Amino acid sequence: MSATAAATSLTSGEPPINFAAHQFRAGNLAGARDDFEQMLAMLVAAIYPGARAIAANPGDWGIDILLGELSGLVVVWQSKYFWPAVTRAGQAQIRESFDSALAAAKRNGYELDQWILCVPSSMDPATAQWWDNWRARRQRETGVAIDIWHEAILRNLLVKPDVAHVRRHFYDPYVPAQTPRTPLRDIEPDVTVDLDRALFVRQLRAAGHVEVDAAKREFFNADLLAREVLDKALPVEVDALGEAEGVVHGIWEARFNAACQRQPVDPRLAGLHAEVMRDIRESTAFPVMLRAGPVHRCGLMHRVVQDSRAGWVRHWRDIAAGEAR
C-alpha cells in the first residue's frame, strides 16, 4: 500500500496546498488537529473505499482511520498535526501511538497489518534519523509494516483527480464570483518620508531588511482601507476589519513562536517575515466583505506591528517600547 505511487501536477494557477490552512480554518492549534484528521479521513476513504474514521469514546484504540474489520486484519492511519516540523518533541507521541495501536489489537482480538503515521510537515534531520532506526527496529520486533505520509506524500495524493473534492474542500480558497476589491493607491512623496520613521519600518530594519518600499505601500493602502471602514462605521465592515486583523495576528504569532524554537540564538529570526506574508497571501480565512486583496492583507499585518502588537525580531517589544518613549 505505497502512497508514493500517485503524483499528478496541479494545473498552473491553481492554489497551493498549504497545511497551515487547518489552523486558519479552525482558529487554533487544537482545532487544527481535528480538522487535519477530518481531511485525512476523507482522503483515505477516497483512495481506499471502505476506510472509515474511528471516534474516540473515550479512547480510540490507537486508531484514527481504519481499513479492514476489527475481527481480522486491519490497516491503521494515525493523525499527528506536528507543525511546522516533526522534531524530537514528537518522538514520544509517535512511540506511544504505535504501542497503543498494538496493545488495542492484542486486547480486542484483531491483527494490525500496517500502521501509517500522517503528518502535515517534514522531519528535521535528527528526527528523520531517529524515525528510520525506530521504524526498522519496531518492524522487526512486531511484524507490522510501518509507513509515514508526510507533507510531500500528502500533496502528491491530494493532486490526484479522484480526490479533487478533498483538496477543494480543505485547501482551495472560496471567492464569490466578481467580488470587487478596494483599488490600490500610490503613496505621495511626503508620506513616504514619514513612513521611513514608522515603527513597522524600524522593526523590518531591525530584522535586516534592506528594501522596504513594498512594505510601505502595503501599509499605506491597508491604513487607508481601515480608516475608511472605521469612518463609515458600518458594523459588518468594522467586524470584518477586526476579524481580518485577528487572522494576520494569529498567523504571525504561530510563525513567531515556531521561529523562536528553530532559532534560539539569532535574534533576527531570519525568514519570519517571508513565512508570515506567504501565509497571509495564501490564507482563505479573510472575510470577503472587507474587499481586501493581497496587498491590503499584508498591510494589515504591518498595521498590527505599527500598533506595537507584533514585530519581526525576538526583541520586538523593546523596539516598540522605545517608540513609546
Side-chain angles (χ1 to χ4, degrees), residues 15-29 31-32 35 81-85 87 120-122 124 151 171 173 184 195 198-223 225-226 240-287 290 292-320 323:
I17 297 169
N18 183 355
F19 294 111
H22 296 283
Q23 297 177 50
F24 309 148
R25 283 165 54 91
N28 55 55
L29 197 55
D35 199 58
Y81 191 81
F82 293 136
W83 187 265
T87 64
S121 51
S122 298
D124 64 22
E151 59 177 326
Y171 304 110
L184 298 176
L195 290 180
L199 175 58
F200 79 93
V201 172
R202 291 177 55 213
Q203 293 276 13
L204 288 169
R205 297 290 193 199
H209 290 241
V210 177
E211 296 292 339
V212 295
D213 285 348
K216 292 177 184 176
R217 189 166 187 256
E218 290 164 349
F219 173 85
F220 176 75
N221 280 277
D223 201 48
L225 173 63
L241 175 63
E243 182 179 348
E245 289 188 340
V247 169
V248 300
H249 199 187
I251 291 173
W252 169 84
E253 185 174 271
R255 285 294 187 180
F256 179 83
N257 290 335
C260 287
Q261 292 177 11
R262 289 197 313 267
Q263 305 176 51
V265 177
D266 185 3
R268 298 207 296 185
L269 303 178
L272 171 62
H273 176 267
E275 291 175 350
V276 169
M277 292 307 183
R278 182 191 64 225
D279 286 351
I280 289 173
R281 294 186 188 100
E282 295 178 359
S283 173
T284 62
F286 285 92
L290 191 61
V295 172
H296 291 101
R297 295 174 182 180
C298 292
L300 290 174
M301 183 67 244
H302 294 308
R303 275 176 50 89
V304 171
V305 174
Q306 184 67 20
D307 290 342
S308 301
R309 291 184 285 153
W312 301 116
V313 292
R314 186 185 296 272
H315 56 290
W316 67 269
R317 294 181 187 276
D318 295 336
I319 298 174
E323 178 79 5

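All residue numbers in this chain count up from 1 along the given sequence. What you see is a predicted model; the values in this text were computed from it and never measured.
The shortest heavy-atom contact between A310 and Q203 is O-NE2, 3.9 Å. Considering every non-hydrogen atom in both G311 and W252, the closest pair reads O-NE1, 2.7 Å. When all heavy atoms of P84 and R262 are compared, the pair lying nearest together is CG-NH1, 4.1 Å. Of all non-hydrogen atoms in P120 and Y81, the two that sit nearest each other are CG-CD1, 3.6 Å. Between R309 and H249 the shortest heavy-atom distance is O-NE2, 3.1 Å. Heavy atoms only, all atoms of each residue included: A244 and L300 are closest at CB-CD1, 3.7 Å.
In this structure, R202 and W312 have side chains that are not in contact, with every pair of non-hydrogen atoms separated by 4.5 Å or more. Using a 4.5 Å heavy-atom threshold, the side chains of R297 and V247 count as separate.
Interatomic distance, E218 CD to L184 CG, rounded to the nearest 0.5 Å: 10.0 Å. Rounding to the nearest 0.5 Å places CZ of F256 at 12.5 Å from CD of E275. From F220, atom CZ reaches atom CG of L195 across 8.0 Å, with rounding to the nearest 0.5 Å. Here CD of E282 is found 5.0 Å from CG of N18. Values are rounded to the nearest 0.5 Å. Within the model, atoms CD of E245 and CG of D307 stand 7.0 Å from one another, a figure rounded to the nearest 0.5 Å.
In this structure, Q306 contributes its side chain and L199 its backbone to a donor-acceptor pair below 3.5 Å. With R314 contributing its side chain and L269 its backbone, the two residues share no donor-acceptor pair below 3.5 Å.
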Requested in this report: Apply the test side-chain contact (heavy atoms from CB on, under 4.5 Å) to residues L241 and L290: give CA-CA distance (whole Å), side-chain angles for both, the deciding distance (0.1 Å), then the verdict.
Outcome: CA-CA 6 Å; L241 175 63; L290 191 61; 4.1 Å; yes
Requested in this report: Kindly indicate, with the supporting measurements, whether the criterion side-chain contact (heavy atoms from CB on, under 4.5 Å) is fulfilled by F24 and I251.
Outcome: CA-CA 8 Å; F24 309 148; I251 291 173; 3.1 Å; yes
Query raised in the report: Taking it one step at a time, do F286 and I280 satisfy side-chain contact (heavy atoms from CB on, under 4.5 Å)?
Result: CA-CA 9 Å; F286 285 92; I280 289 173; 3.8 Å; yes
Requested in this report: Would you sort out whether M301 and H273 count as a side-chain contact (heavy atoms from CB on, under 4.5 Å), showing the intermediate values?
Outcome: CA-CA 10 Å; M301 183 67 244; H273 176 267; over 6 Å; no
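In this pair, F200 and H302 present their aromatic rings tilted. The plane angle is within the 30 to 60° band.
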